[in-house]
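Shown next, in structure tokens, is the structure this report addresses.
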2 protein chains.
Amino acid sequence: MGRTADYSRQTCPIAATLEVIGDPWTLLILRDAFNGVRRFEQWQERLGVARNVLASRLKTLVAHGVLRTEPYSDRPPRHEYLLTDKGRELRPVLLTLYDWGERNIYGEGQAPNRMVHDGHPFRPKLVCATCGEEPGSRDLRRVDQDVAAPTVGEALARDAG
Amino acid sequence: MGRTADYSRQTCPIAATLEVIGDPWTLLILRDAFNGVRRFEQWQERLGVARNVLASRLKTLVAHGVLRTEPYSDRPPRHEYLLTDKGRELRPVLLTLYDWGERNIYGEGQAPNRMVHDGHPFRPKLVCATCGEEPGSRDLRRVDQDVAAPTVGEALARDAG
DNA sequence: ACCCAGCGTTCTTAAACGAAACCCCCTTGC
DNA sequence: GCAAGGGGGTTTCGTTTAAGAACGCTGGGT
């Protein structure tokens with residue numbers, strides 16, 4: 001029936017997230033949003049993405065509340081796209097993707113840019129918010145809930161309504 | 001000319017990472033790998049992904065060194081797919097995706113499963129490895145290197161060779 | 001009046017997906 | 001010895017989506 005990876009039957013937060021930001025280009029659109037890009041033409045120019053695809057991606061990001069539109073001119077009517085709080089919470093996702101790519105593809109210090117935090121080099125570290133420890137492979141488990149949890153499709157529908 | 005989002009002209013670790021794991025299904029394949037899945041039929045059954053697509057994804061993950069094959073039977077010749085060290089380093093990516101989906105789509109405690117770390121609930125927190133602080137939007141910057149950095153395509157080629 | 005900027009929409013074409021059939025290799029059971 | 005079945009794919013074919021280029025719309029500038 002086509003090509004879309006349809007994650008919506010699953011019941012999993014990862015699948016749910018990918019349903020929102022898993023399309024090709026979407027994460028690069030968000031990367032640029034974090035870097036200050038707000039307008040259609042800027043994204044189009046920087047990414048070289050097809051305009052129809054860009055329009056469609058922006059639309060679904062707005063529909064999911066990751067971006068919102070804000071008018072910046074009445075005549076002619078123009079608006080820009082800004083990250084919402086929900087969108088800003090995606091920053092850890094981008095940072096971990098960045099880190100993996102730098103270490104595993106580019107190699108340390110070989111990347112075209114660096115992250116700087118308050119004057120010193122930044123490298124993300126993921127810790128347990130409760131105890132502050134870095135989780136190992138052994139001590140972290142995924143436990144099923146006994147309640148019947150909604151599928152991705154259902155959760156997204158509720159989220160939109 | 002087709003459909004692939006081609007990130008390879010960019011020079012960015014995020015784009016480089018997406019070139020490896022950004023295909024539809026790939027992140028769910030990895031999610032299941034972290035949950036102990038190792039064989040073709042298991043993935044096929046759990047994901048419902050088309051077999052040709054699954055075969056192709058596994059192939060590229062092996063080619064990029066995220067998974068490796070390990071024989072588990074000589075006659076008939078059979079192998080399973082295991083995460084490499086490089087693959088295991090993707091865990092933070094999966095954890096941040098999980099966290100976002102749980103909080104922003106399912107809602108706290110509504111997800112079908114929970115993460116448990118050493119007996120207590122786990123929620124990932126991203127901190128600066130150097131100073132231990134959680135970075136805000138203001139104090140984290142991306143700084144260009146002056147050296148001419150390789151494109152994603154070049155970095156991946158070097159990575160493979 | 002003409003051109004330009006900004007933001008898309010509409011078209012066509014070609015790649016990638018989805019589904020199901022098919023294939024190979026070997027084991028087990030009758 | 002032959003059929004059935006499991007594991008791990010590949011082939012074939014139809015459909016959907018992305019790429020790419022062209023066009024449209026709104027208003028501003030000169």
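Below, read A as the first sequence line, B as the second, and so on, with proteins coming before strands; counting in each chain starts at 1. As a basis for the values below, the full set of heavy atoms in this structure was taken, side chains included, without hydrogen atoms, waters or symmetry mates.
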- Query: Is the number of heavy atoms from other residues, nucleotides or ligands under 6.0 Å of B/Arg38 CZ greater than 12?
  - Reply: no

Considering only NZ, NE, NH1 and NH2 on the basic side and carboxylate oxygens on the acidic side, decide whether [X] and [Y] come within less than 4.0 Å.
X: B/Arg46; Y: B/Glu41; result: no
X: A/Glu108; Y: A/Arg123; result: yes
X: B/Arg68; Y: B/Glu80; result: no

- Message: Other members of the hydrophobic cluster containing A/Leu82, with the 4.5 Å side-chain heavy-atom rule, please.
- Response: none

For [N] and [X] - does any side-chain N or O of the residue sit under 4.0 Å from the phosphate oxygens OP1/OP2?
X: A/Lys59; N: C/dT9; answer: yes
X: B/His79; N: D/dG9; answer: yes
X: B/Arg51; N: C/dA21; answer: no
X: B/Tyr81; N: D/dG7; answer: no
X: B/Trp43; N: D/dG8; answer: no

- Which residue lies toward the 5' end of DNA chain D, A/Ser56 or B/Tyr72, if each is placed at its nearest nucleotide? B/Tyr72

- Message: With nearest nucleotide decided by heavy atoms, which residue, B/Asn52 or A/Val53, maps closer to the 5′ end of DNA chain D?
- Response: B/Asn52

- Indicate yes or no for a side-chain donor-acceptor contact from B/Lys86 to the backbone of A/Ile105 under 3.5 Å, with no hydrogens or angles considered. no

- Message: For the backbone of A/Val127 and the side chain of A/Glu133, can you confirm whether one donor and one acceptor N or O come within less than 3.5 Å of each other?
- Response: no

How close or far is atom [atom2] of [N] from atom [atom1] of [X], stated in whole angstroms?
X: A/Gln44; N: C/dA5; atom1: CD; atom2: P; value: 14 Å
X: B/Arg57; N: D/dG9; atom1: CZ; atom2: P; value: 15 Å
X: A/Leu58; N: D/dA18; atom1: CG; atom2: P; value: 13 Å
X: B/Trp25; N: C/dA16; atom1: CH2; atom2: C1'; value: 14 Å
X: A/Glu41; N: C/dC4; atom1: CD; atom2: C1'; value: 12 Å
X: A/Glu80; N: C/dC7; atom1: CD; atom2: P; value: 9 Å
X: B/Leu54; N: C/dA20; atom1: CG; atom2: C1'; value: 16 Å
X: A/Asp23; N: C/dA16; atom1: CG; atom2: P; value: 16 Å

Please tabulate, for side-chain N and O atoms in residues 112-121 of chain B, each donor-acceptor pair with protein atoms closer than 3.5 Å (sequence neighbours left out).
unit_1: B/Asn113; atom_1: OD1; unit_2: A/Arg142; atom_2: NE; d: 3.4
unit_1: B/Asn113; atom_1: OD1; unit_2: B/Tyr98; atom_2: OH; d: 2.8
unit_1: B/Arg114; atom_1: NE; unit_2: A/Gln145; atom_2: OE1; d: 3.0
unit_1: B/His117; atom_1: ND1; unit_2: B/His120; atom_2: NE2; d: 3.2
unit_1: B/His117; atom_1: NE2; unit_2: A/Asp139; atom_2: OD2; d: 3.3
unit_1: B/His120; atom_1: ND1; unit_2: B/His117; atom_2: O; d: 3.0
unit_1: B/His120; atom_1: NE2; unit_2: B/His117; atom_2: O; d: 3.4

- Message: The side chain of B/Phe40 is closest to which nucleotide in this list: C/dG8, D/dG8, C/dG18?
- Response: D/dG8

- Query: Taking only residues two or more places apart in sequence, or in another chain, which ones meet A/Glu45 in a side chain to side chain contact (heavy atoms under 4.5 Å, CB included)?
  - Reply: none

- Side chain A/Arg39 and base C/dG6 donor-acceptor under 3.5 Å: no

Using nucleotides 28-30 of chain C, report all nitrogen or oxygen pairs with the protein that are shorter than 3.5 Å.
none

- Kindly indicate whether a cation-pi arrangement holds for B/Arg141 with A/Phe122, taking the cut-offs as under 6.0 Å to the six-membered ring centre and within 45° of the axis. no

- Message: Just so I know, are the side chains of B/Leu83 and B/Leu30 near enough to count as touching, which here means a heavy-atom distance under 4.5 Å?
- Response: yes

Identify each atom pair where a protein N or O and an N or O of nucleotides 26-29 of chain D are less than 3.5 Å apart, giving names and distance.
none

- Taking all heavy atoms of A/Pro124 and all of A/Leu95, pick out the closest pair and write down the distance. CG-O, 3.8 Å

- Message: Please give me every residue in residues 26-35 of chain B whose heavy atoms get under 4.0 Å of an atom in DNA chain D, ordered by residue number.
- Response: none

